[in-house]
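Inspection log for the structure reproduced underneath, given as structure tokens.
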There are 2 protein chains.
Amino acid sequence: MSIEQDIQQKAFKSPYTKAVVNIMFTNNWLCTLQSDLLKRYDVTLQQYNVLRILRGQHPNPITVCGIIERMLDKMSNASRLVDKLILKDLVIRKECPHDRRQVDVIITDKGLDLLAELDNQQSEWETALHKLSPEEALTLSHLLDKLRGSAE
Amino acid sequence: MSIEQDIQQKAFKSPYTKAVVNIMFTNNWLCTLQSDLLKRYDVTLQQYNVLRILRGQHPNPITVCGIIERMLDKMSNASRLVDKLILKDLVIRKECPHDRRQVDVIITDKGLDLLAELDNQQSEWETALHKLSPEEALTLSHLLDKLRGSAE
DNA sequence: TGACATCAAATGTTTTTACATTAAATTTGT
DNA sequence: ACAAATTTAATGTAAAAACATTTGATGTCA
């Protein structure tokens, strides 16, 4: 079944329109799958993404600005996202020594443990994507880069 | 520039993880572009998508359920989205004759006019995607279908 | 130095979303 | 035919997002 059938549309104006709609549809499909999984751990998709960004820097801290830059959706309320994570003891916030405007955020051991557990879960559902070969997955990524004008 | 640079990540665990992140990142990139454009016409992306679904059926009506089925993101509040569109006189709601639970929704001439104008705008920014050849755009769609297990 | 611009993060407010519940109409099964 | 289950849409509500504004800190330049 192709995207036309998934959303019951007869035809698209152009292959570009079709690709755009398909990206959005697929994104939603992915988000739903992931969110359902994360819900069991009482973490939202956004929180999960922030945690992964923090792990990427660990053991170094990262500022709120740094988080926003790396987030998939820019979103203005990274502060409040960090608030939520602090409530769960998954990250800590501490003053940045050389610039008191900034705030350093660091993932805690508890946060790292949670991520490790989520990694396993992720691997599991990601096998659902293996209808694509690894090469095809890379081609997909490359085409997306090119679509955004970020290729080469 | 590739997705690694866009989100300042060194490497991905697998080509699948990379593709998933890239889809989400690209989706956000697309949504931002489109929303900015639609904002000038005081229409949200969601509302625009519903309008396009209604045009796809025009001059036939479609029920709220029908809209939800065709929406890119399932979302529970199609009723309220229709409410918003009614306030702007872009659609009308009328009772469904053969099943009084259902509600028929039809796009108005004003709605069609707005869509026509938006189509032009869309075409314009879609040319930004022409770094991809039409064939590549189709390949992209096909890979996404396959990723979801919806291919062939 | 001191006024002014800029920047980082937090906060306020309104709108949307997600999720559950309700209400009315229809279908099903006996 | 009638009670129970199901379907459709609307609504209530709590959480999250979008967007603007504020507060405090740093940088700039006359």
Side-chain angles (χ1 to χ4, degrees), chain A residues 24 27-29 31-51 53-54 61-88 91-106, chain B residues 24 27-29 31-40 42-50 53-54 61-88 91-106:
Chain A
M24 292 182 174
N27 176 71
N28 193 259
W29 182 80
C31 286
T32 303
L33 276 177
Q34 272 197 298
S35 294
D36 286 352
L37 195 153
L38 293 171
K39 215 166 290 169
R40 292 186 245 146
Y41 296 86
D42 195 33
V43 184
T44 67
L45 188 50
Q46 303 276 30
Q47 290 169 6
Y48 175 59
N49 285 331
V50 170
L51 284 176
I53 289 167
L54 293 173
I62 183 172
T63 64
V64 174
C65 257
I67 294 173
I68 292 173
E69 277 173 21
R70 288 169 177 78
M71 278 171 65
L72 298 188
D73 35 47
K74 51 176 193 235
M75 181 193 313
S76 37
N77 54 351
S79 285
R80 278 190 266 237
L81 253 178
V82 170
D83 287 343
K84 295 280 163 57
L85 293 172
I86 287 174
L87 284 178
K88 297 177 194 172
V91 309
I92 56 172
R93 182 157 43 190
K94 62 171 201 179
E95 202 176 83
C96 191
H98 59 279
D99 187 339
R100 288 199 347 235
R101 284 173 304 183
Q102 301 188 134
V103 172
D104 277 341
V105 182
I106 307 172
Chain B
M24 292 183 174
N27 175 71
N28 194 261
W29 181 81
C31 286
T32 303
L33 276 178
Q34 272 197 298
S35 294
D36 286 352
L37 195 153
L38 293 171
K39 214 167 289 169
R40 291 186 246 145
D42 195 32
V43 184
T44 68
L45 189 50
Q46 303 277 30
Q47 290 169 4
Y48 175 59
N49 285 332
V50 170
I53 289 168
L54 292 173
I62 183 172
T63 65
V64 174
C65 256
I67 294 173
I68 292 173
E69 278 172 21
R70 289 169 177 77
M71 277 170 67
L72 298 187
D73 36 44
K74 54 179 188 239
M75 181 192 315
S76 34
N77 54 351
S79 285
R80 278 190 267 236
L81 253 180
V82 171
D83 287 344
K84 294 280 162 59
L85 293 172
I86 287 175
L87 283 179
K88 296 178 195 172
V91 310
I92 54 172
R93 183 155 44 189
K94 60 172 202 180
E95 202 175 84
C96 190
H98 59 278
D99 187 338
R100 286 193 355 230
R101 284 172 305 182
Q102 301 188 136
V103 171
D104 276 341
V105 182
I106 307 174

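Computed from a predicted structure; not experimentally measured. Residue numbers start from 1 in every chain, and the chains themselves are labelled A, B, ... in the order their sequence lines are given, proteins ahead of strands. Note that these values count all heavy atoms, side chains included, but never hydrogens, waters or copies made by symmetry.
With sequence neighbours excluded, the residues that form a side chain to side chain contact (heavy atoms under 4.5 Å, CB included) with A:Ile62 are A:Ile53, A:Leu54, A:Gln57, A:Ile67, A:Arg70. A:Arg101 is linked by a salt bridge (charged side-chain N to carboxylate O under 4.0 Å, His left out) to A:Asp99, counting only residues two or more places apart in sequence or in another chain. For B:Lys39, the salt bridge (charged side-chain N to carboxylate O under 4.0 Å, His left out) partners two or more places apart in sequence, or in a different chain, are B:Asp36. Partners of A:Lys84 by salt bridge (charged side-chain N to carboxylate O under 4.0 Å, His left out), not counting sequence neighbours: none found. Here A:Leu85 pairs with A:Gln47, A:Val50, A:Leu51, A:Leu90, A:Val91 under the side chain to side chain contact (heavy atoms under 4.5 Å, CB included) rule; sequence neighbours left out. Here B:Arg93 pairs with B:Val82, B:Asp83, B:Ile86, B:Val103 under the side chain to side chain contact (heavy atoms under 4.5 Å, CB included) rule; sequence neighbours left out. Residues satisfying the side chain to side chain contact (heavy atoms under 4.5 Å, CB included) criterion with B:Cys65, sequence neighbours excluded, are B:Thr63.
As rounded to whole Å, 16 Å separates atom C1' of C:dA23 from atom CD of B:Gln102. Spacing between atom CG of B:Leu45 and atom P of D:dA17 amounts to 16 Å, rounded to whole angstrom units. Spacing between atom CG of A:Asp42 and atom C1' of C:dC19 amounts to 15 Å, rounded to whole angstrom units. Here D:dA16 presents its P atom at 13 Å from CG of A:Leu38, a figure rounded to the nearest Å. Between the P atom of D:dT8 and the CD atom of B:Glu95 lies a distance of 16 Å, rounded to the nearest Å. If you measure from atom CE of A:Met71 to atom C1' of D:dA16, you get 12 Å, rounded to the nearest angstrom. Distance B:Lys94 NZ to D:dA9 P: 15 Å, rounded to the nearest Å. Distance, B:Ile68 CD1 to C:dC19 P: 14 Å, rounded to whole Å.
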All N/O pairs under 3.5 Å across the protein-nucleotides 21-28 of chain D interface:
unit_1: D:dA25; atom_1: OP1; unit_2: A:Arg100; atom_2: NH2; d: 2.9
unit_1: D:dT26; atom_1: OP1; unit_2: A:Arg100; atom_2: N; d: 3.1

Please enumerate all protein N or O atoms sitting under 3.5 Å from an N or O of nucleotides 13-16 of chain C, with distances to 0.1 Å.
unit_1: C:dT16; atom_1: OP2; unit_2: B:Lys84; atom_2: NZ; d: 2.9

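Between A:Ser79 and C:dA9, a side-chain N or O to OP1/OP2 separation shorter than 4.0 Å is absent. Regarding contacts with the backbone of C:dA9, every side-chain N or O of A:Arg93 stays at 4.0 angstrom or more from both OP1 and OP2. OP1 and OP2 of D:dA18 both lie 4.0 Å or more from every side-chain N or O belonging to B:Lys39.
For A:Lys88 (side chain) and A:Val43 (main-chain N/O), no donor-acceptor pair under 3.5 Å exists by modelled atom type.
In this structure, CD1 in B:Ile68 is found 7.0 Å from OG in B:Ser79, a value given to the nearest 0.5 Å.
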